[in-house]
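Comments concern the structure below.
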Amino acid sequence: MISAKELAKKMTLREKLAQMTQLDGFFFDKDSAITGPISQMNITEDDIHSVGSVLGTTGAQQVMEIQDNHLKNDPLGIPLLFMADVIHGYRTIFPVPLAMGCTWNPDLVQRSMAAAAKEASVAGVHVTFSPMVDTVRDPRWGRVMESTGEDPWLNGLFARAFVKGYQGNSYEEPYTLVSCVKHFAGYGGAEAGRDYNTGELSPYTLRDQYLPAYQAAVDAGCDMVMTSFNTLDGVPSTANAWLLRDVLRKEWGFQGTVISDWGAVRELIPHGVAENDGEAARKAITAGTDIEMMTSTYLNWGEKLVKEGLLEEARITEAVERV
């Protein structure tokens with residue numbers, strides 16, 4: 001079997017950037033018309049043949065059709081990764097995570113998530129965007145029900161249960177999913193419950209009340225982390241090298257893949273830390289965001305940034321090897 005490093009050596013820079021790009025399933029539907037703002041992403045047919053992952057597909061038949069067509073066209077024959085929000089069940093629906101937290105029964109939740117993994121995996125899903133372990137204490141925030149609660153210790157217990165339920169003991173076992181913990185970090189601490197916004201957390205509060213549950217998921221073996229939309233100390237998580245490289249990788253030893261939330265790379269512009277798409281791409285890649293979800297700044301600017309010496313290709317290569 002060819003290694004990731006060997007495979008990366010065979011790839012053009014454009015192919016590497018495509019592997020770091022995630023698109024919605026409608027890009028792969030020959031009957032879908034790409035219109036409106038989505039058409040401005042400048043995604044070519046060749047790019048679609050080389051992208052690394054897909055979200056928003058439903059059912060085994062659709063997944064197999066997309067995968068079969070992709071493998072006929074991808075120059076290196078790299079299979080697509082299919083990802084989905086399997087939050088509290090796939091076909092069999094369990095209580096929302098906030099209600100699961102009320103059970104104080106991690107073993108029951110682990111078994112429930114193992115059942116969800118079985119249903120989702122046979123439908124072709126490889127990765128679930130779960131668990132959401134954000135500490136939540138403001139009922140005005142619209143995503144409270146996705147967390148298991150306000151207590152970091154309890155959230156940590158359930159973080160481990162979710163990860164173990166999805167991933168099992170080994171990916172060699174049937175019916176397992178990769179677990180993607182989210183939203184790293186402090187997403188539930190947005191001021192006044194304003195989503196996508198500012199989190200003003202002291203270093204003590206961040207480390208004592210917010211980070212422990214994410215670390216519990218990492219310690220339990222989750223292999224993907226999703227960045228949060230909010231800022232910490234004025235820096236959005238998607239471009240926060242301290243958070244992604246120093247804390248997540250150096251302190252906690254995380255070896256997996258980091259993915260942005262939907263459109264979060266391009267949202268560095270309205271956050272005021274990037275002037276344009278190119279600067280957003282440079283900052284996100286440099287900080288350690290390996291996959292860009294549903295924007296195309298990496299594809300549209302990556303080659304230019306490397307050519308102009310504004311971005312090291314080594315940063316891109318390390319990211320694509322993790323993907």
Side-chain angles (χ1 to χ4, degrees), residues 4 7-8 11 13-25 27-28 38 41 43 47-57 66-67 70 74 76 78-86 125-130 132 177-185 187 214 217-218 222-229 236-241 243-245 248-249 254-268 274 277 280-303 305 311 313-323:
L7 194 58
M11 300 172 74
L13 179 54
R14 183 77 178 181
E15 288 168 345
K16 292 178 184 178
L17 295 164
Q19 280 290 311
M20 296 166 63
T21 302
Q22 181 171 98
L23 298 178
D24 192 277
F27 276 92
F28 301 84
I38 299 298
M41 290 175 64
I43 299 293
D47 293 330
I48 294 173
H49 294 327
S50 299
V51 298
S53 57
V54 186
L55 77 162
T57 57
I66 292 173
Q67 189 75 281
H70 172 79
D74 181 80
L76 294 171
I78 303 172
L80 288 164
L81 288 170
F82 289 86
M83 308 189 192
D85 283 298
V86 183
V125 178
H126 300 119
V127 180
T128 173
F129 299 129
S130 176
M132 188 186 103
L177 295 177
V178 173
S179 176
C180 175
V181 67
K182 62 186 185 184
H183 306 81
F184 192 64
Y187 191 37
Y214 306 110
V218 170
C222 80
D223 282 316
M224 186 172 284
V225 169
M226 180 185 290
T227 64
S228 55
F229 287 115
S237 296
T238 308
N240 196 321
L243 191 66
L244 301 181
R245 293 193 181 276
L248 181 62
R249 295 202 182 278
F254 180 68
Q255 299 295 315
T257 308
V258 174
I259 186 171
S260 80
D261 209 333
W262 183 293
V265 173
R266 200 165 192 277
E267 284 181 13
L268 298 178
D277 284 7
R282 180 180 64 81
K283 288 194 170 185
I285 293 172
T286 301
T289 300
D290 302 319
I291 300 176
E292 175 181 18
M293 183 193 293
M294 272 306 293
T295 48
S296 54
T297 68
Y298 290 5
L299 265 174
N300 290 331
W301 284 85
E303 292 171 301
L305 290 169
L311 177 65
E313 187 171 354
R315 293 290 195 187
I316 295 171
T317 301
E318 71 173 5
V320 79
E321 286 175 0
R322 287 194 287 262
V323 175

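Fair warning: this is a prediction, and the values are worked out from it, not measured in the lab.
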Legend entry - Salt-bridge criterion met for Glu318 and Arg249 (N-O under 4.0 Å): no
Legend entry - Under 3.5 Å donor-acceptor, Thr128 side chain and Val86 backbone: yes
Legend entry - Thr238 (side chain) donor-acceptor with Ser260 (main chain) under 3.5 angstrom: no
Legend entry - Main-chain N/O of Met41 paired with Asn300 side-chain donor or acceptor, under 3.5 Å: yes
Inset, instruction - Return the set of residues passing side-chain contact (heavy atoms from CB on, under 4.5 Å) with Glu303 (not counting sequence neighbours), or none when no residue passes. - result: Leu13, Arg14, Leu17
Legend entry - Asp261 side chain to Ser228 backbone, donor-acceptor under 3.5 Å: no
Legend entry - Sidechain-backbone polar pair: Thr21 side chain, Val51 backbone, donor-acceptor under 3.5 Å: no
Inset, instruction - Could you tell me which residues satisfy salt bridge (charged side-chain N to carboxylate O under 4.0 Å, His left out) with Asp85, sequence neighbours excluded, listed by chain and number? - result: Lys182
Legend entry - Exam field: side chain Glu292 to backbone Thr297, donor-acceptor pair closer than 3.5 Å: yes
Inset, instruction - Only counting residues at least two apart or in another chain, list the ones meeting ring pair (Phe, Tyr, Trp, His ring centres under 6.0 Å) with Phe254. - result: none
Inset, instruction - Say whether, by atom type as modelled, one donor and one acceptor occur between the side chain of Gln67 and the main chain of Leu80 under 3.5 angstrom. - result: yes
Legend entry - Under 3.5 Å: donor-acceptor pair, side chain of Gln19, backbone of Ser50: yes
Inset, instruction - Measure the acute angle between the ring planes of Phe184 and Tyr214, then classify it against the limits of 30° and 60° as parallel, tilted or perpendicular. - result: perpendicular
Legend entry - Expected output: side-chain Ser179 to main-chain Met224 donor-acceptor under 3.5 Å: no
Inset, instruction - Indicate yes or no for a side-chain donor-acceptor contact from His70 to the backbone of His49 under 3.5 Å, with no hydrogens or angles considered. - result: yes
